**Student:** 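Structure provided below as structure tokens; questions to follow.
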2 protein chains.
Amino acid sequence: MRRTFHRAPEAERRQELIAATLDCISELGLKGATVREITARAGVTAGLVRHYFETKDQLIAAAYRSLIASLTEKAENLTGDPESRLRDFIVINLTEPVANSRSLSLWAAFISQVGSDPVLAAVHREGYLAFRDSLEGLIADFRVLRGLTADPGICRAQAIAINGLMDGLWLEGCLAGDLFADGELIRIATGSVEALLGLSLQGAG
Amino acid sequence: MRRTFHRAPEAERRQELIAATLDCISELGLKGATVREITARAGVTAGLVRHYFETKDQLIAAAYRSLIASLTEKAENLTGDPESRLRDFIVINLTEPVANSRSLSLWAAFISQVGSDPVLAAVHREGYLAFRDSLEGLIADFRVLRGLTADPGICRAQAIAINGLMDGLWLEGCLAGDLFADGELIRIATGSVEALLGLSLQGAG
DNA sequence: GAGGTAATTATTCAAGTGTACAATAAGCAA
DNA sequence: TTGCTTATTGTACACTTGAATAATTACCTC
């Protein structure tokens with residue numbers, strides 16, 4: 001007797017498959033994300049993948065797009081004045097759900113393939129540049145607020161430095177969050193961004 | 001007729017297998033590092049892996065140890081006064097062979113497994129803490145040289161921030177080195193480290 | 001040179017891989 | 001209810017995987 005099943009709406013089932021894929025990758029790595037393991041976690045059988053994705057690689061690429069969106073959407077939709085946006089930017093990127101070991105595992109798994117997989121490389125660069133551009137705009141706005149020039153060369157250099165700092169602290173936090181006291185990373189990040197900008201962030205720490 | 005072969009010294013053949021493993025991982029990812037592909041690149045047949053390593057996983061772990069050593073040994077054997085050591089630290093970590101897309105692919109492939117593989121996790125944390133401790137010592141030395149206190153709390157916070165900054169800039173350089181002009185990352189890093197330390201690095205660009 | 005040791009090859013095996021495809025049943029429309 | 005569409009299942013296939021093992025040959029010692 002064949003097992004009973006539920007017919008799900010297309011968008012919903014696609015999303016379930018993508019979520020199961022990310023679960024597999026974070027727990028078992030890319031090589032553990034087999035069609036059988038993915039579909040088992042999604043509660044369906046292996047054949048169904050081909051109904052929603054032309055190939056397994058396309059499912060993987062869709063999962064990467066989904067991950068990038070979840071890691072960047074909060075930081076790209078900030079509201080308020082430039083100063084509070086900058087403070088929120090720091091906090092969001094160094095606290096859950098952006099900063100945890102699962103995010104790092106996923107991010108690293110895909111990054112390791114970006115150099116050799118053109119499809120993933122395209123997905124990556126698109127998301128990366130958008131992220132850095134939004135940070136550069138944020139810095140320019142903040143400088144203007146404090147009466148400084150928004151000189152493109154300066155903004156670019158500061159965006160590169162602060163982007164690097166935030167990436168690195170995010171890494172440290174994900175890899176060994178237990179080595180830091182509560183709020184320590186955010187305090188260090190805030191002080192460092194102030195030092196790099198040469199400006200103080202009122203209301204911080 | 002059986003193919004001719006060369007009997008290599010144990011250390012040499014082990015090293016060849018490890019090198020071939022890293023090549024596979026950097027070009028094809030962890031899932032592309034199969035026993036057959038690795039041994040083909042090393043110029044031997046698949047069965048030989050079992051003669052040098054009890055299991056494939058042990059070969060992978062050995063490759064990870066080798067990678068960490070190649071990424072950190074130069075920065076941990078600096079000589080000279082604290083200031084030139086700090087400048088060398090910046091340059092070494094942002095130029096070849098530490099900073100290139102191959103290093104990043106390899107590093108990311110292993111990092112993605114650190115969360116789920118206890119053996120790799122141990123290898124990782126050992127290397128990471130040694131690296132950060134040496135940076136913290138370097139910062140303390142430099143502060144003393146400039147007549148400042150070597151207060152542990154301050155040194156720790158500055159080490160975390162500078163470690164994060166360097167990690168992040170290394171990442172950016174590896175991922176998209178073509179987006180930066182010659183020496184741009186080093187200039188940004190030097191200026192940022194000065195800002196974070198509140199001290200200037202004489203003789204720096 | 002001769003003989004022994006063990007590094008290396010070649011072959012085999014069971015388990016797991018992505019994909020193709022026919023069979024089936026869930027849900028909708030009438 | 002009846003019939004239709006198609007989402008989903010179950011099975012099969014060709015191929016790859018890591019590992020085990022027997023057969024061979026390179027190299028060292030004497």
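Here is how names work: the chains are called A, B, and so on, in the same order as the sequence lines, proteins then strands, and each is numbered from 1. Here the structure is a predicted model, which means the values were calculated and not measured.
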**Student:** Whether B/His51 contacts C/dA7 is assessed here as follows: a side-chain N or O lying under 4.0 Å from the phosphate OP1 or OP2. Is that the case?
**Tutor:**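 So the side chain of B/His51 is within the cut-off, an N or O lying under 4.0 Å from OP1 or OP2 of C/dA7.
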**Student:** Could you state the atom-to-atom distance from CG of A/Leu59 to C1' of C/dG18 in whole Å?
**Tutor:**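 Rounding to the nearest Å, CG of A/Leu59 and C1' of C/dG18 are 12 Å apart.
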**Student:** Roughly how far, to the nearest 0.5 Å, is the CZ atom of A/Phe53 from the CG atom of A/Leu48?
**Tutor:** 10.0 Å
**Student:** Nearest-Å distance, NZ (A/Lys56) to C1' (C/dG16)?
**Tutor:**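 Spelled out: NZ on A/Lys56 to C1' on C/dG16 is 12 Å.
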**Student:** Quick one: label A/Thr45 by what it contacts on the DNA or RNA (base, sugar-phosphate, nothing), any heavy atom closer than 4.0 Å.
**Tutor:** base
**Student:** I'd like to know if B/Arg2 reaches the base of D/dT25 with its side chain such that a donor and an acceptor end up less than 3.5 angstrom apart.
**Tutor:** no
**Student:** Let me confirm one number: the CD1-CD1 distance from B/Ile25 to B/Ile60, rounded to the nearest 0.5 Å.
**Tutor:** 4.5 Å
**Student:** Crowded around A/Asp81 CG? As in, over 12 foreign heavy atoms under 6.0 Å?
**Tutor:** yes
**Student:** Does C/dG18 have OP1 or OP2 sitting under 4.0 Å from an N or O in the side chain of A/Arg50?
**Tutor:**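 No, no such contact exists.
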**Student:** Could you check whether A/Tyr52 gets within reach of a base, just the sugar-phosphate, or nothing at all, counting any heavy atom under 4.0 Å?
**Tutor:** sugar-phosphate
**Student:** C/dT8, OP1 or OP2 - any side-chain N/O from B/Arg13 closer than 4.0 Å?
**Tutor:** yes
**Student:** Roughly, in whole Å, what's the span from CZ in B/Arg14 to C1' in C/dT8?
**Tutor:**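 In whole Å, C/dT8 C1' and B/Arg14 CZ are 17 Å from each other.
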**Student:** Look at the side chain of B/Arg36 against the base of D/dG18 and say whether a donor-acceptor pair falls under 3.5 Å; ignore hydrogens and angles.
**Tutor:** yes
**Student:** Distance check: side-chain N/O of A/His6 vs OP1/OP2 of D/dA7, anything under 4.0 Å?
**Tutor:** no
**Student:** Thinking salt bridges, do B/Arg187 and B/Glu184 make one under a 4.0 Å N-O criterion?
**Tutor:**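 Here B/Arg187 does not pair with B/Glu184 in a salt bridge, since their nearest N and O are not under 4.0 Å apart.
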**Student:** Using whole Å, report how far NZ of A/Lys31 lies from P of C/dT17.
**Tutor:** 12 Å
**Student:** Between D/dA7 atom P and A/Glu10 atom CD, what is the distance in whole Å?
**Tutor:** 7 Å
**Student:** Measure from CG on A/Leu48 to C1' on D/dT6 and round the result to the nearest Å.
**Tutor:**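 Atom-to-atom, A/Leu48 to D/dT6, this comes out as 11 Å.
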**Student:** Expressed as a whole number of angstroms, how long is the span from A/Glu12:CD to C/dA26:P?
**Tutor:** 17 Å
**Student:** Quickly work out the A/Glu37 CD to C/dT17 P distance and round it to whole Å.
**Tutor:** 9 Å
**Student:** What contact category does B/Ala8 fall into here, base, sugar-phosphate, or nothing, at under 4.0 angstrom with non-hydrogen atoms?
**Tutor:** sugar-phosphate
**Student:** Mapping B/Val49 and B/Arg7 to their closest nucleotides on DNA chain D, which lands nearer the 5' end?
**Tutor:**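 Looking at the nearest nucleotide for each, B/Val49 comes out on the 5' side.
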**Student:** Taking the nucleotide of DNA chain C with the closest heavy atom to each, which residue, B/Val44 or A/Phe5, is nearer the 5' end?
**Tutor:**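 It is B/Val44, whose closest nucleotide lies nearer the 5' terminus.
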**Student:** Between A/Arg156 and A/Asp151 (salt bridge meaning N to carboxylate O under 4.0 Å), is one present in this structure?
**Tutor:** no
**Student:** Using only side-chain N and O atoms of A/Thr4, determine if any of them is under 4.0 Å from OP1 or OP2 of C/dA26.
**Tutor:**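 For A/Thr4, the contact criterion (side-chain N or O under 4.0 Å from OP1 or OP2 of C/dA26) is not met.
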**Student:** Please determine if a side-chain N or O atom of B/Thr55 lies less than 4.0 Å away from the OP1 or OP2 oxygen of D/dG18.
**Tutor:** no
**Student:** Salt bridge between B/Lys31 and A/Asp117, side-chain N to carboxylate O under 4.0 Å?
**Tutor:**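 Salt bridge between B/Lys31 and A/Asp117, a charged N being under 4.0 Å from a carboxylate O: no.
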